[in-house]
Amino acid sequence: MELLYVVELDVRPRDGSYVTPADARERVKGHLAEWLSFEHSPALEPDDFSADGSVALVSERDDRSDSRVSWSNEGTHDVRALVVTVRTEITRSGRADFICMVTVFTEEDRTVVRLELGRESLDGVLAPAGIDFFRRPYLLALLLRDRELQCWSGPSKVDGRFNWVNPQQADFVWEALSAEGRLLPILLVDGSEEKGERLARKAASELAGLAPVLAVDARSQRLLADRLDEVETSIPRAGARLVWPDLSLRHPAFTADQAQFAPGRLLRMLSSVSVTVRGVNQILRKAEVAQRAERNEQVAADLAAAKLRGDLSRELEAQARFIEELQQEVDQYDSWFKQVEEERDSYKSQAAQAAYWKQEAQRARQSSGLRVTDWAEAPDLDPVDLADLASFLEKQGQGAIVFTHAAHQSWKRDDYPHIDAMRDALIVLTKAAIEYRRLGCQLGMLPDDWFKQEWELRLASTDKYMSKNKLDRFTFDGKTYSREPHLKLGDHTSPNEVGRVYFAMDSESERLIVDHVGLKLYGL
């Protein structure tokens with residue numbers, strides 16, 4: 001399995017809670033059963049995990065996939081690990097599985113939950129096994145929402161929330177950034193505007209267990225300016241900066257233009273780092289070592305008892321069991337060694353790919369001589385003429401987005417009142433179109449989810465009324481397309497304020513074709 005994401009958390013009873021460490025373990029199992037049963041059947045119960053088992057979970061929604069779940073218990077009564085593996089077939093890239101593995105480790109009063117996401121090719125084809133996009137497992141959200149539990153990653157509390165920083169806390173920020181022994185990077189967000197709060201909230205949810213998020217207000221940034229400039233960690237206006245634990249490194253910055261899709265990119269970046277740092281499942285190994293040690297002790301005791309009684313047959317039986325245990329131990333170490341080799345080869349491959357694409361990006365920049373688009377330069381949207389804005393967006397999109405004659409006519413005809421909101425939506429749609437082309441139209445998730453999570457746009461990719469009444473088809477460049485996908489600007493309001501942008505997702509030419517800008521096409 002190629003690991004993509006690893007988060008490991010200590011789960012404890014909340015301070016002042018009546019919940020005991022044993023209760024905390026049971027609550028974790030309860031959340032595990034709830035997560036697996038969410039929109040799937042049959043429903044699982046926490047007691048199901050007391051014995052090894054497996055089940056096929058059938059999705060109750062057409063747009064969700066069925067899953068194959070198996071679980072096993074490793075270790076002893078005192079040191080124990082419950083391992084749950086969820087496999088979902090990746091249909092768009094051949095026979096491959098997307099895998100989520102959860103390890104619940106318990107030792108005395110300690111409970112640790114380890115979450116791993118990965119992919120595994122099953123057909124031997126020398127090609128990537130899909131998955132361009134993934135999110136943190138919903139189980140993590142359930143654990144963080146439990147008011148009776150607290151989650152920790154080393155010395156850092158993990159709650160999926162961001163913290164505001166005001167002038168009274170500015171010194172604390174610098175102490176946190178420069179503290180020796182810091183394990184996690186910290187995301188600093190410009191909290192001087194409302195957009196910063198939205199970015200911080202979204203990033204904190206996605207990066208739980210990977211990076212704490214601090215929203216720093218304008219006055220605090222001024223107080224911290226000199227110290228942040230010293231280590232090149234100043235926060236871009238309306239953007240964010242990821243500060244690594246090693247302050248000598250280059251700290252990635254996200255400008256205002258990039259801020260809205262920073263959480264997704266940071267998740268991919270930090271997930272890759274998390275695999276390198278936390279790649280080996282040490283808690284599972286600890287349970288397996290304890291289990292072997294207990295078995296070896298029992299075999300040794302049986303062998304000593306047989307010798308004491310002079311029972312040759314029992315002595316031979318005990319020796320055979322001892323040899324079998326040793327062979328299993330050798331097999332386990334062989335398996336670990338193979339895993340380490342695979343991880344080493346995977347890291348080498350990733351490093352080579354990163355170097356290649358960095359070189360290609362530099363070559364492309366040098367050859368193009370193009371500057372980064374300043375979207376603030378986009379012209380205002382005229383109340384009756386789409387031409388200036390559409391021309392600018394088509395030029396910046398370089399073919400990733402086009403506007404049909406019908407789109408221009410619809411804007412001229414309709415009287416949609418929220419012009420600035422429409423302008424902003426079209427600009428963001430163009431950014432999405434550029435990314436759609438960059439990804440080769442492979443989003444790795446439903447378009448509705450992608451537009452919402454990456455771009456904060458409300459998209460409906462289908463419209464039954466339009467298809468039923470044959471309003472969904474249009475012709476462009478001699479081909480027929482579906483314009484069912486549409487952005488929704490306003491609903492549940494007066495008809496003259498229900499804005500829509502209808503467009504086709506043309507995967508063949510890797511572009512979005514906008515065919516209507518204005519009011520809703522029907523029902524007004």
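Each residue takes its place number in the sequence, starting with 1. Just so it is clear, the model here is predicted, and its values are computed rather than measured.
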Which value, rounded to the nearest 0.5 Å, describes the distance between Q150 atom CD and D10 atom CG?
11.5 Å
Working to the nearest 0.5 Å, report the span between CG of L3 and CD of E116.
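Separation between the atoms: 5.0 Å.
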Within-4.5 Å side-chain heavy-atom neighbours: [X] and [Y]:
X    : Y    : value
Y138 : L140 : no
F403 : S391 : no
S220 : V173 : no
D380 : R423 : yes
L149 : R12  : no
L9   : V112 : no
R114 : R278 : yes

Please lay out, stage by stage, how D463 and Y522 fare under the test side-chain hydrogen bond (donor to acceptor under 3.5 Å, both in side chains).
CA-CA 11 Å; D463 190 312; Y522 60 89; 2.8 Å; yes
Evaluate the criterion side-chain hydrogen bond (donor to acceptor under 3.5 Å, both in side chains) for residue pair R136 and S205; output intermediate values, then yes/no.
CA-CA 9 Å; R136 51 99 178 101; S205 173; 3.2 Å; yes
Angle between ring planes, [X] versus [Y], binned at 30° and 60°: parallel, tilted or perpendicular?
X    : Y    : answer
Y436 : W450 : tilted
F503 : F451 : tilted
Y481 : F476 : tilted
W375 : F392 : perpendicular

Run the ring pair (Phe, Tyr, Trp, His ring centres under 6.0 Å) check on W164 and F162 step by step: do they pass?
CA-CA 7 Å; W164 279 107; F162 72 94; 5.5 Å; yes
Heavy-atom closest contact ([X] atom, [Y] atom, distance):
X    : Y    : answer
V158 : L144 : O-CD2, 3.4 Å
G518 : W411 : CA-CE3, 4.1 Å
V189 : A240 : CG2-CB, 4.1 Å
T233 : L188 : O-CD1, 4.3 Å
H251 : V243 : ND1-CA, 3.6 Å
S234 : P236 : O-CD, 3.6 Å

Mark yes when over 12 heavy atoms from residues, nucleotides or ligands other than D229 sit less than 6.0 Å from its CG; otherwise mark no.
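Counting other residues, nucleotides and ligands, CG of D229 exceeds 12 neighbours.
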Taking atom CZ as the centre, does R250 end up with more than 12 heavy-atom neighbours from other residues, nucleotides or ligands that are less than 6.0 angstrom away?
no
Side chain to side chain contact (heavy atoms under 4.5 Å, CB included) assessment of R413 paired with V384:
CA-CA 7 Å; R413 178 186 65 247; V384 295; over 6 Å; no
Go through it in stages, so that I can follow the logic: the residues are T462 and E484, the test is side-chain hydrogen bond (donor to acceptor under 3.5 Å, both in side chains), and I'd like the CA-CA distance, side-chain angles, deciding distance and then a yes or no.
CA-CA 5 Å; T462 60; E484 279 189 86; 5.1 Å; no
Can the ring centres of F38 and H40 be said to be less than 6.0 Å apart?
no
Residue pair D217, S192: steps toward the side-chain hydrogen bond (donor to acceptor under 3.5 Å, both in side chains) verdict:
CA-CA 5 Å; D217 68 19; S192 59; over 6 Å; no
I'd like to know whether E508 forms a side chain to side chain contact (heavy atoms under 4.5 Å, CB included) with K479, so could you lay out the CA-CA distance, the side-chain angles of the two residues, the decisive distance to 0.1 Å, and finally the verdict.
CA-CA 11 Å; E508 183 179 346; K479 293 184 179 180; 3.1 Å; yes
